[in-house]
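Heads up, the thing below is written out as structure tokens.
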Amino acid sequence: MIPFTDAVRARRVPVVNISIIAACIAVFIYELTLGSVLDVNRFFSDYGVVPRQLSDWWSDPSGFGEPATLATAAFIHGGWLHLAGNMVYLWVFGDNVEDALGHIGYAAFYLAGAVVAGVTQVAVDTSSVIPVVGASGAIAAVLGGYLVLHPRAPVGVFLAPFLIIPLPAFVLIVFWFLLQLLAGAATLGESQATETVAVWAHIGGFVAGFLIMIALRPYLRRPGRGRGRTTLW
């Protein structure tokens with residue numbers, strides 16, 4: 001199921017969300033300019049989260065380059081489909097979370113989601129030397145936050161090339177999260193070395209975003225009357 005729009009209209013321009021999307025696209029374009037597969041792999045190793053290296057840093061901290069990858073990895077993607085899938089989810093759900101938290105609050109929320117997502121993946125698979133890259137852990141936090149804010153908001157979803165239906169946000173997001181849990185449970189006790197999707201980063205990011213938004217929700221300004229939800233179509 002691929003979301004393409006939701007029925008909650010933001011009250012302000014989501015400048016941070018748009019900036020994150022633009023930054024991810026710009027980094028991917030930079031990746032395309034790298035001269036060889038070796039250069040790309042080196043870029044991923046330098047700026048992606050390498051679980052074994054981060055685990056070693058925790059045992060013997062030195063400098064800030066290694067922990068900084070928890071943030072930089074969230075702007076790196078491994079291919080067009082990886083980038084496009086993440087950016088679609090961020091475009092649909094991120095603006096409303098930014099609307100609720102404000103620009104600075106949303107930037108901090110997104111960064112916290114990225115950090116918790118990376119730490120969760122490293123905690124599950126500390127010995128891996130494969131770089132973990134992608135915005136999906138931080139976007140999972142956005143999904144968790146959106147679920148708290150707008151659980152019943154209709155979301156337009158592609159089920160097939162010519163089949164589009166509205167679903168309540170909680171149906172789409174909970175279904176997505178259950179898939180991550182099933183995939184994550186299947187990897188427990190096994191080496192992650194051959195895995196191509198860091199599902200535990202998704203799980204950690206989602207739980208972080210959900211809990212943070214529950215804690216913050218009493219302090220958030222509610223939308224004015226008539227300016228919140230609109231019809232989907």
Side-chain angles (χ1 to χ4, degrees), residues 16 19-79 82-83 86 90 101 103-142 144-145 180 183-184 187-212 215-216:
V16 174
S19 297
I20 292 170
I21 292 172
C24 288
I25 293 172
V27 170
F28 187 74
I29 292 173
Y30 172 75
E31 291 174 37
L32 296 178
T33 68
L34 296 176
S36 66
V37 173
L38 182 62
D39 291 333
V40 174
N41 289 339
R42 185 179 296 112
F43 179 72
F44 285 2
S45 295
D46 288 344
Y47 297 101
V49 175
V50 180
R52 179 179 292 178
Q53 293 178 190
L54 190 56
S55 297
D56 291 344
W57 181 89
W58 284 337
S59 300
D60 184 19
S62 177
F64 297 99
E66 206 61 51
T69 62
L70 291 167
T72 58
F75 295 91
I76 303 171
H77 292 83
H82 188 204
L83 174 69
N86 279 345
L90 188 56
L101 297 177
H103 303 314
I104 296 175
Y106 178 66
F109 177 87
Y110 189 87
L111 178 61
V115 170
V116 173
V119 169
T120 303
Q121 185 65 31
V122 172
V124 173
D125 192 22
T126 57
S127 62
S128 175
V129 295
I130 299 176
V132 178
V133 299
S136 52
I139 295 170
V142 172
Q180 309 311 306
T187 68
L188 287 176
E190 299 180 2
S191 172
Q192 310 284 302
T194 60
E195 293 295 321
T196 58
V197 179
V199 292
W200 284 101
H202 300 175
I203 294 168
F206 179 88
V207 172
F210 185 81
L211 294 178
I212 291 171
L216 293 179

Worksheet entry | Asp39 side, atom CG; Glu31 side, atom CD - distance, nearest 0.5 Å | 12.0 Å
Discussion item. On a heavy-atom basis, which atom in Gly113 and which in Ala141 lie closest, and how many Å separate them?
Written reply: CA-CB, 3.7 Å
Item to complete: Starting from the C-alpha separation in whole Å, work towards a yes-or-no answer on side-chain contact (heavy atoms from CB on, under 4.5 Å) for Val49 and Gln121.
Response: CA-CA 9 Å; Val49 175; Gln121 185 65 31; over 6 Å; no
Discussion item. Using every non-hydrogen atom in the two residues, find where Val40 and Leu34 come nearest and quote the distance to one decimal.
Written reply: CA-CD1, 3.8 Å
Discussion item. Ring-plane angle category for Phe43 and Tyr47, please: parallel below 30°, perpendicular beyond 60°, tilted otherwise.
Written reply: tilted
Practice prompt. Tell me, yes or no, whether the heavy-atom count around Ile104 atom CD1, taken from other residues, nucleotides or ligands under 6.0 Å, exceeds 12.
Written response: no
Worksheet item: Do His202 and Val197 have side-chain heavy atoms sitting under 4.5 Å apart?
Response: yes
Discussion item. Once you measure the plane-to-plane angle for Tyr106 and Tyr110, does it fall in the parallel (<30°), tilted (30-60°) or perpendicular (>60°) bin?
Written reply: tilted
Worksheet item: Going by heavy atoms in the side chains, are Cys24 and Ile21 under 4.5 Å from each other?
Response: no
Worksheet item: Within the side chain of Ser128, is there an N or O that forms a donor-acceptor pair under 3.5 Å with the backbone of Asp125?
Response: no
Worksheet item: Among Val27, Ile25, Asn86, Val133, which one satisfies side-chain contact (heavy atoms from CB on, under 4.5 Å) with His77?
Response: Asn86
Worksheet item: Can you list the steps and then say if Val207 with Phe210 is a side-chain contact (heavy atoms from CB on, under 4.5 Å)?
Response: CA-CA 5 Å; Val207 172; Phe210 185 81; 5.7 Å; no
Worksheet item: If only atom types and distance count, is the side chain of Trp200 paired as donor or acceptor with the main-chain N or O of Gly184 below 3.5 Å?
Response: yes
Worksheet item: Should Phe44 and Ile130 count as side-chain neighbours, where that means a heavy-atom distance under 4.5 Å?
Response: no
Worksheet item: Partners of Ser19 by side-chain contact (heavy atoms from CB on, under 4.5 Å), sequence neighbours excluded?
Response: none
Worksheet entry | Nearest non-hydrogen partners of Gly48 and Ile76, listed with the distance | N-CD1, 4.1 Å
Worksheet, complete the sentence: Looking only at heavy atoms, the pair that brings Ile212 and Ala112 closest together is CD1-CB, 4.3 Å
Response to the item:
So CG of Asp46 and CD of Gln53: to nearest 0.5 Å the spacing works out to 8.5 Å
Worksheet item: Checking Trp57 side chain against Gly63 main chain: does a donor-acceptor pair fall under 3.5 Å?
Response: yes
Discussion item. Which residues pass the side-chain contact (heavy atoms from CB on, under 4.5 Å) test with Leu32, not counting sequence neighbours?
Written reply: Phe28, Trp80
Discussion item. Strictly distance-based, threshold 3.5 Å: is any side-chain N or O of Thr69 a donor or acceptor partner for the main-chain N or O of Thr72?
Written reply: no
Item to complete: Kindly indicate, with the supporting measurements, whether the criterion side-chain contact (heavy atoms from CB on, under 4.5 Å) is fulfilled by Ile203 and Thr120.
Response: CA-CA 8 Å; Ile203 294 168; Thr120 303; 5.6 Å; no
Worksheet item: Does Ser55 offer a backbone N or O that forms a donor-acceptor pair with the side chain of Ser59 under 3.5 Å?
Response: yes
